[in-house]
Amino acid sequence: AEGSLRLERVIGKSGPVYLAIPPAGKGAGKIHLKLQNRLVELEAVNAAAERIAAGATIVVVGLAGADAVEVEPLREPADAGP
């Protein structure tokens, strides 16, 4: 096994925000994800207009360069109720 991380494998995965992610175009934050049986810290950018706070859960929706990912907040499904 080569051992190098294959960043494209994180698309669709969810995890916590470690350092708040600013709104689109305002910079990057940090997230923690499990990738290839390791916990990794990745730079993350946000395409949405709102900031994603530290502690929030995100889902990775794409790559944003060689060592960064694009994320959006993980939205909980609405409770359908009885």
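Note: hydrogens, waters and symmetry copies are ignored here, and every other heavy atom, side chains too, is used. Owing to the predicted nature of the structure, the values given are computational and were not obtained by experimental measurement.
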Quiz item: How would you list all residue pairs meeting side chain to side chain donor-acceptor pair (under 3.5 Å) that involve residues 11-24, not counting sequence neighbours?
Solution: none
Practice problem: Could you pull out all residues at least two apart from A68 that satisfy side chain to side chain contact (heavy atoms under 4.5 Å, CB included)? | Solution: E43, A64
Exercise. Kindly give the heavy-atom pair with the smallest separation between I31 and A44, and that separation in Å.
Key: CG2-CB, 3.8 Å
Exercise. Could you tell me whether a side-chain N or O of Q36 sits under 3.5 Å from a main-chain N or O of R6, the two making a donor and an acceptor?
Key: yes
Self-check item: From CG (L74) to OG1 (T57), nearest 0.5 Å
Solution: 6.0 Å
Quiz item: Which pair of heavy atoms, one from A24 and one from A47, lies closest together, and at what distance?
Solution: CB-O, 3.4 Å
Self-check item: Nearest heavy-atom neighbours spanning R9 and L35
Solution: CB-CD1, 3.7 Å
Quiz item: Under a single-linkage definition using a 4.5 Å side-chain heavy-atom cutoff for Ile, Leu, Val, Met, Phe, Trp and Tyr, are V45 and L33 assigned to the same hydrophobic cluster?
Solution: no
Self-check item: Rounded distance (nearest 0.5 Å) linking atom CD of E72 with atom CD of E50
Solution: 9.5 Å
Quiz item: Under a 4.5 Å side-chain heavy-atom rule over Ile, Leu, Val, Met, Phe, Trp and Tyr, are L19 and I58 clustered together?
Solution: no
Practice problem: Look up atom CG in L63 and atom CD1 in I11, then write down how far apart they are to the nearest 0.5 Å. | Solution: 4.0 Å
Self-check item: Distance-minimising heavy-atom pair for L7 and G65
Solution: CD2-O, 4.3 Å
Quiz item: What heavy-atom pair brings P22 and G29 nearest, and what distance separates the two atoms?
Solution: CD-N, 4.0 Å
Quiz item: Would you call L42 and V60 a side-chain contact if the rule is heavy atoms closer than 4.5 Å?
Solution: no
Quiz item: According to a 4.5 Å side-chain heavy-atom criterion applied to Ile, Leu, Val, Met, Phe, Trp and Tyr, with indirect links allowed, do V71 and V17 form part of one hydrophobic cluster?
Solution: yes
